[in-house]
Each structure stands twice: as structure tokens, then as C-alpha cells.
Amino acid sequence: MTWNEADYLDCLVSERRCYAWVMRNHGGLTPEEARKAALECYPYEPAETPFRGLVLHDLAWHWAMVAIHGFRYGAEHPELADPSADYRALE
């Protein structure tokens, strides 16, 4: 996918916000820790980076749950397999 810069940045900011929310509300991180974790998960990638924005193919919910519970979170915590209503309200 070829991103226009404004769309890429909007998506990046949105996913960082959602990821940080999950890390605060489900992972127990402080707001500052959650912000740093979101920046690490969603770094800015220059336009020429191969597969730029690949992390954006899944919701921030998924990546945050992987960070908190591991890749088997859906099987081990079926109640977390789908994003909560509170998370969906962020989108």
C-alpha cells in the first residue's frame, strides 16, 4: 500500500492512542509508560521504508494484547479476543 503522508500520520497517531489506552487499562502501565510503549510499537517509518505501516494491518488492541498476554491471548483469554466496547469507542 502506498500511504499519503497525512493519512499515514493520522493512522499512526490513532493507533498509538489506542495502544496506549489498552496498555493503561489492561496492562497496568502509567500514562507515561503507555505512551512510550506506543511509540516503540508504532515508530514513525519514512516513506521509502519497505512495508511501511505493516503493523497497522491489525488493530492496536491486538498488538497490545500480544504485549500483555502473548500471542495465544485469544485462546487463553477468550474474553479478550475481541476489542471491548470502551476500546471501540476510541476509534
Side-chain angles (χ1 to χ4, degrees):
M1 173 177 189
T2 303
W3 292 87
N4 111 8
E5 190 68 8
D7 289 343
Y8 172 74
L9 291 174
D10 285 346
C11 191
L12 195 61
V13 167
S14 176
E15 292 302 295
R16 285 174 177 168
R17 181 173 47 84
C18 290
Y19 186 92
W21 183 92
V22 175
M23 296 306 283
R24 285 190 318 273
N25 289 279
H26 291 274
L29 272 59
T30 67
E32 182 59 23
E33 292 168 333
R35 186 188 69 76
K36 286 180 182 178
L39 289 172
E40 288 176 15
C41 186
Y42 292 94
Y44 174 81
E45 298 174 298
E48 64 278 358
T49 303
F51 308 109
R52 180 187 196 197
L54 186 61
V55 70
L56 301 172
H57 82 282
D58 275 323
L59 293 176
W61 175 271
H62 168 73
W63 297 118
M65 287 298 157
V66 167
I68 296 166
H69 298 290
F71 279 102
R72 293 192 35 81
Y73 76 90
E76 294 172 359
H77 301 279
E79 73 282 6
L80 300 174
D82 294 313
S84 67
D86 289 340
Y87 175 88
R88 289 282 185 201
L90 298 171
E91 297 180 317

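Note that this is a predicted model, so its numbers are computed, not measured. Residues: numbered from 1 along the sequence shown.
When atom types are taken as modelled, the side chain of His62 and the backbone of Leu59 share no donor-acceptor pair closer than 3.5 angstrom. Side-chain atoms of Tyr8 come within 3.5 Å of backbone N or O of Glu45 as a donor-acceptor pair. Distance alone, capped at 3.5 Å, is enough to place a donor-acceptor pair between the Tyr87 side chain and the Trp61 backbone. Trp21 places no side-chain N or O within 3.5 Å of a backbone atom of Leu90 that could act as its donor or acceptor partner. Thr30 places a side-chain N or O within 3.5 Å of a backbone atom of Glu33 that can act as its donor or acceptor partner.
Note on Leu39 and Leu12: separate hydrophobic clusters, where clusters join Ile, Leu, Val, Met, Phe, Trp and Tyr whose side-chain heavy atoms are under 4.5 Å apart, directly or indirectly. No continuous path of hydrophobic side-chain contacts links Phe51 to Tyr44 [ILVMFWY only; heavy atoms under 4.5 Å].
Distance check, rounded to the nearest 0.5 Å: SG of Cys18 to OH of Tyr42 gives 8.0 Å. Atom SG of residue Cys41 and atom CE of residue Met23 lie 8.5 Å apart, to the nearest 0.5 angstrom. Note: Lys36 NZ to Glu32 CD = 5.0 Å, rounded to the nearest 0.5 Å. In this structure, OH on Tyr19 lies 12.5 Å from CZ on Arg24, to the nearest 0.5 angstrom.
In terms of heavy atoms, Arg35 sits closest to Ala20 at N-CB, 4.3 Å. Of all heavy-atom pairs between Val22 and Ala64, the closest is CG1-CB, 3.3 Å.
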Distance-only check: which donor-acceptor pairs under 3.5 Å involve side-chain atoms of residues 76-83, not counting sequence neighbours?
from, atom 1, to, atom 2, distance (Å)
Glu76, OE2, Arg72, NE, 3.4
His77, NE2, His69, ND1, 3.4

Go through it in stages, so that I can follow the logic: the residues are Ile68 and Tyr73, the test is side-chain contact (heavy atoms from CB on, under 4.5 Å), and I'd like the CA-CA distance, side-chain angles, deciding distance and then a yes or no.
CA-CA 8 Å; Ile68 296 166; Tyr73 76 90; over 6 Å; no

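For the side chain to side chain donor-acceptor pair (under 3.5 Å) test, no residue two or more places apart in sequence or in another chain qualifies with Arg16.
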